[in-house]
Amino acid sequence: MEKLGIPSVPMATKSFADLAKSNASKRGMPHIRACFTPHPVWGKTAEQLMAYVEGNDPVSGKPLMQEIIDGLTVPLIAEDTKTGMMDVNVGPPVYGPDTLDNLQIHFLNNGMTDFLPIIIPTPEKVDAMLKGSSHHPDEVVGKMAAGAFAAWTFTVRQVAVNAVMAGCEPEYFPILLAVASSGMAALGSSTSSFAYSMVINGPIRDKLNMNYTIGAMGPFAQPNATIGRAWTLIGKNLGNGGIPGDTYMGSQGNNTNYNNIVIAENEKDSLWTPYHVQKGFKPEDNVVSLFAGEDIRQGHGARGAGVLENPMFDDQISDMFRTLTSQFDALVICDPLTIKRLVEQGYDTKEKLTDWLWKNTMRTAKDYRDSAFVYTFHYPRALRGEEPYATWYKCPEGTLIPYWPKPDNIVLVCAGGQTNPFFQVGNLTYRVSVSIDKWM
Amino acid sequence: MNRRKLLSLLGMSPVLLTGNPAQAGQTKHAAAPAADPGAVKITTVNPKGTPPSIQLIPMAPRLDSLDGKTVYLVDTGFHGSDALLHQVELWFNRNMPSVTLVFKRKAGPYAQDDPPLWKEIKEKGNAVIMATGH
Amino acid sequence: MNRRKLLSLLGMSPALLAGAQMEAQQPKAAKSGKVAAAENAQFEALNPKGSPPPVKLIPMAPRLDSVHGKTIYLVDTGFMSGGVLLQQMQIWFNKNYPDVTVVFRKKAGSYMEDDPPLWKEIKEKGNAAIMAIGH
Amino acid sequence: MGIPSVPLVTKAFKDLAILNAGKRGMPLERICFTPHPVWGKTPEELRVYVDGPDPITGKPLMKEVVDGLTVPLSADEKKTGIVSVSVGPPTFTDTAENLQEFYLNNGYTDFLPIVLPTQEKVDAMLKGSSHHPDEVIGKMAAGAYPPWTYTVRQVAASAVMAGCRPEYFPILLAIASTGIASLFSSTNSFAFSMIINGPIRDKLEFNYGIGALGPFAQANATIGRAWTIMSKNLGNGGIPGDTYLGSVGNNLNYNNVVIAENEEASPWDPFHVQRGFKKEENVVSLFRGLGVVPGQVARGSSVNTSPMFDAQLSDLFSTFTGFFGALVIADPLVAVRLKEQGYDTKEKLIDWLYKNTTQTVKDYKGRNYSYLFEYPQALQGVEPFATWYKLPDDAVIPHFPRASSFNVVVTGGQTNAYPQAANMSYGVSVSIDKWM
């Protein structure tokens, strides 16, 4: 708007004060005249909102409307009309020399960590990490942003620094390069607090001693623990994500962001095709596949869960889908025992089960339209005639429709130690599979 | 946070923010590094708690043979252990018909003890086979 | 793992397990070297940050002398209830600045999407804009 | 008991069976193994197991069983007495790098980097509390094992390792004093959570605003992690195949869902006040269960001007197991909206949720937990299970047994109006002030 020569005043609620200012700066208008109303606006009556309008800006303490009119009419000063390019400073290339304790505090206090202790990335440690890949340290790996922000670029060396900090060994490095090359940050800026997950396939799982048996998704092995954590550090330091109030707006946060749900598939004990092979890779390829969405939950609450004689895991998984939003897909993690039982039931391929689940998990069109994000993201596509959303918005409220457009929206992966036939369900969407071998 | 602090967090040049030291600056400057400081040895404490001592339990004397004895088959309640013990029972019937078998499901959830059952076995039984795990 | 190894993990005394190694021993045999406060040793550490793109400064548009007699667009970006707030603002303008023409517009598409036709309309017909974001 | 016995265990539990026999004082117990799993197999398949070999020793299974009951005992098998268990020397000396590796490889950590617990750092941590370093403060076990004991000093070592500051120390002592481990031995993969209340939240700069449950503040990140490290080191928990058997694992065990209540923005009484503490007291409350789900997945969770959070929460609970409780984690915006709807106390909301979240008796009985844990109670006449098991299959009953199955806490940064909810039960609240 200002670019068009029209004076404008953005107005936001108080909660977004920091965000509005820093966003304006990133877009090149550090002195934009933003005004703020009390928070929230949502759910308030007309009378309450009139009181906001006639009251003060809670940030500046001045009358709101006076501020708006001043914002449109008070002449600009020299700084406001500045033009040109401005470089953003991220500090010197090396910190120190200093003691390890002081460096630990420095990294923590400057938002470069997840607030847990790190391995200090000394030049020696970073060099050792770089030996984990044949790629040149100065090669640009990719670009990353945590949302609708200008993306930052980064090199192999910068990924290595973060890998050291997370506690990774040099042999893990190609996985981190593969993850970073996707440009996907593990901390998205949305006000919804999203979860992230990665599925790792191929012989590298055993080479690195990844845990895919008992406690597969818990804190029981170094590669599972540190590779997942490194994704969050990469999101913060290379993608400028995870700054609360600026590039992270998740109101409540998500507890899975500490590790980002690292899943090494238990290919050995699974009776089904490994995930990367489904995606067109060879069994001997090493691949990391990334997911994003809401959460992961256990199947214990499903109808008929864990029944004694003949558990019907197909019904149970379908039942768990009742509390998923259609905006994100389903990632189902099955213990090998669960898979054995499903194969006995006749689901000898993943495709047979996803096909059944897709056909047999239905909801009314009304429930679909009333679920989170659907109005924001699917409705505009429905208006453009995109299927199946167009049909799902046209049909009567009581019509039963599937949760997702295709059976492919349901992903099955095997992990677990066969101590009990359990499964977990993530409301998570597949984004991309990246070859790890290319980064070796 | 005020605008200056927010902008400096972004790493914006002090040209725009006269007088405000950039936040992402150096740590306190210190002297040059000592020779190979990483090789210096330090001492750390063991974080482990104190485990209880273990009272060794001598195993019960074994029987000379099972012929004519009473063997209790105890089901601890995990999925499928009853079916397994039933097969064990059939095996004895086929191979050692002189053995008397008594099948018992342990009372209560699997973590709970069942003293009446232990008392009964002590009085009437000669040996026990317990099935756990699923 | 065999029984010896498992029991030694328990920390059971070697009396019972002659020959089994204790796991929780010292780390790699500490050679004589100096046991000193390595706390004070000095290290360098690399900056983990990526490279942000430079920011192109955008000069703000010249301000109006006053809002009297002008056309002001109120733009709703589509977040929860932003429209209701702007309607209240429209009422406020009618009451306090009756000579201001207030035009209410909801930005098309989802909140992430741009709406060039609207910007074009404001450029042609408007003098100033107020945009509501956040819920 | 004096009666010779042989345990039959499936192959998957081999390590566990041997270790447990050792812990119970019979390190050489004659255990026989069958293939895994037994569960879900036909009688014919099980007969093959019985007629076949022990998959560990390769010897015929039933010969092993009979030998186990009849072959005379060796001298070692007859041994009696007390064996003390070693956890290694009190200190370790090496370079910082080697020690980091040593702690990791010996299972002292959660496999993430630690702050090395040097004497100086442990001493500094100990200054965070007035309690004597040698005071024994509790006992902990990760399941049905003999519990380990520990002192204030031993808690301090784990606190340093997790990256905690000395000011956090009283919270860790309070948690350790409960004896509750955050890694539990069950084959289910349980999750744990803690709620922090009182002025200490601000003193320690806990984050209860934007990103409250995520990695955005040192207190939230390190105190949660310290619980897991304490469980490993002080309670001997978290050894896969031994004291940890969760088949699939739980991603929440890294941080254990630390929730500092946003008391200031909440329209309701803080959680510790509900539990009888004064507002100015500092309290930590512990929870255990299965996991956390976001409100975005509930029916009717679309953005609109009059959201019905009571109904959304109730819908969210429909895929919870009633064996654990329901912990509502409300953003302040959600709480304020609920208050406007008439829920001016947490208790009123709980009452509505308890009455309106229902299931059929058939669905209730069809759940494994009901059969395993609640059916035996029903047989003993414990209510409501006794009544529930007598009702016809199509009768509608509450999804959770009691109103006290529900708890409500408020946290978040008010950037959007969604709750989260945990399928977790309240355990205990402990004063932090007592450990200052």
>> Using heavy-atom distances under 4.5 Å, tell me whether D/Asn256 contacts chain A through its side chain, its backbone, both, or neither.
In response: backbone

> Should D/Ser189 and A/Gln298 count as side-chain neighbours, where that means a heavy-atom distance under 4.5 Å?
Replying inline: yes

>> Show, in sequence, the C-alpha distance, side-chain angles and deciding distance for D/Leu213 and A/Asn254, and conclude whether the side chain to side chain contact (heavy atoms under 4.5 Å, CB included) test is met.
In response: CA-CA 5 Å; D/Leu213 304 185; A/Asn254 194 307; over 6 Å; no

> Side chain, backbone, both or neither: which part of D/Ala219 has an atom under 4.5 Å from a heavy atom of chain A?
Replying inline: neither

> Under the side chain to side chain contact (heavy atoms under 4.5 Å, CB included) criterion, do D/Asn423 and A/Arg297 qualify, and how do the steps go?
Replying inline: CA-CA 9 Å; D/Asn423 195 178; A/Arg297 81 281 296 273; over 6 Å; no

> In terms of heavy-atom pairs under 4.5 Å with chain D, which of A/Arg322, A/Met320, A/Lys366 leads?
Replying inline: A/Arg322

> Do the side chain of A/Thr323 and the main chain of D/Ala298 share a donor and acceptor less than 3.5 angstrom apart?
Replying inline: no

> Is there a side chain to side chain donor-acceptor pair (under 3.5 Å) between A/Thr325 and D/Gln296 once you walk through the steps?
Replying inline: CA-CA 7 Å; A/Thr325 165; D/Gln296 280 91 334; over 6 Å; no

> Of all of A/Gly218, A/Pro117, A/Ala415, which one pairs up most often with chain D through heavy atoms under 4.5 Å apart?
Replying inline: A/Pro117

> What's the verdict on ring-ring contact (aromatic ring centres under 6.0 Å, His included) for D/Phe216 and A/Tyr248, showing C-alpha distance, side-chain angles and the deciding distance?
Replying inline: CA-CA 10 Å; D/Phe216 301 109; A/Tyr248 187 84; 4.5 Å; yes

>> As a quick check of understanding, evaluate side chain to side chain contact (heavy atoms under 4.5 Å, CB included) for A/Arg303 and D/Lys362, giving each step before the final call.
In response: CA-CA 9 Å; A/Arg303 287 196 190 104; D/Lys362 181 170 186 288; over 6 Å; no

>> Counting heavy-atom pairs closer than 4.5 Å to chain D, which one of A/Ser193, A/Gly416, A/Ala221 comes out on top?
In response: A/Ala221

> In terms of heavy-atom pairs under 4.5 Å with chain D, which of A/Asp335, A/Thr226, A/Val374, A/Asn257 leads?
Replying inline: A/Asp335

> Can you tell me how far the NE2 atom of A/His300 sits from the CZ atom of D/Phe320, to the nearest 0.5 Å?
Replying inline: 13.5 Å

> Using a cut-off of under 4.5 Å for heavy-atom pairs, which of D/Thr321, D/Leu290, D/Val292 has the most such pairs with chain A?
Replying inline: D/Leu290

>> Quick check against the 3.5 Å criterion: does D/Asn251 have a side-chain atom that pairs as donor or acceptor with the backbone of A/Ile261?
In response: yes

> What part of D/Gln100 is in contact with chain A, defined as an atom under 4.5 angstrom from a non-hydrogen atom: side chain, backbone, both or neither?
Replying inline: side chain

>> Could you check whether any side-chain heavy atom of A/Phe423 comes within less than 4.5 Å of a side-chain heavy atom of D/Val248, counting everything from C-beta outward?
In response: no

> Could you go step by step and tell me if A/Asn420 and D/Ser247 meet the side chain to side chain donor-acceptor pair (under 3.5 Å) rule?
Replying inline: CA-CA 6 Å; A/Asn420 219 332; D/Ser247 203; over 6 Å; no

>> Please identify, among A/Arg363, A/Gln104, A/Gln418, the residue contributing the most non-hydrogen atom pairs under 4.5 Å to chain D.
In response: A/Gln418

> Is a side-chain donor or acceptor of A/Asn255 paired with a backbone partner of D/Val257 at a separation under 3.5 angstrom?
Replying inline: yes

> What residue in A/Cys168, A/Ala302, A/Gly253 has the most heavy-atom pairs under 4.5 Å with chain D?
Replying inline: A/Gly253

>> Taking side chain as everything from C-beta outward and backbone as N, CA, C, O, which of these in D/Lys232 sits under 4.5 Å from a heavy atom of chain A? Side chain, backbone, both or neither.
In response: side chain

> Given a strict heavy-atom distance threshold of 4.5 Å, which part of D/Leu104 is in contact with chain A: side chain, backbone, both, or neither?
Replying inline: side chain

> Do the side chains of A/Pro219 and D/Thr228 get nearer than 4.5 Å, heavy atoms only?
Replying inline: yes

> Do side-chain atoms of A/Gln252 reach the backbone of D/Thr411 as a donor and acceptor pair under 3.5 angstrom?
Replying inline: yes

>> Using modelled atom types and a 3.5 Å cut-off, is there a donor and acceptor pairing between side-chain atoms of A/Gln424 and backbone atoms of D/Gly249?
In response: yes

> Side chain, backbone, both or neither: which part of D/Leu183 has a non-hydrogen atom closer than 4.5 Å to chain A?
Replying inline: side chain

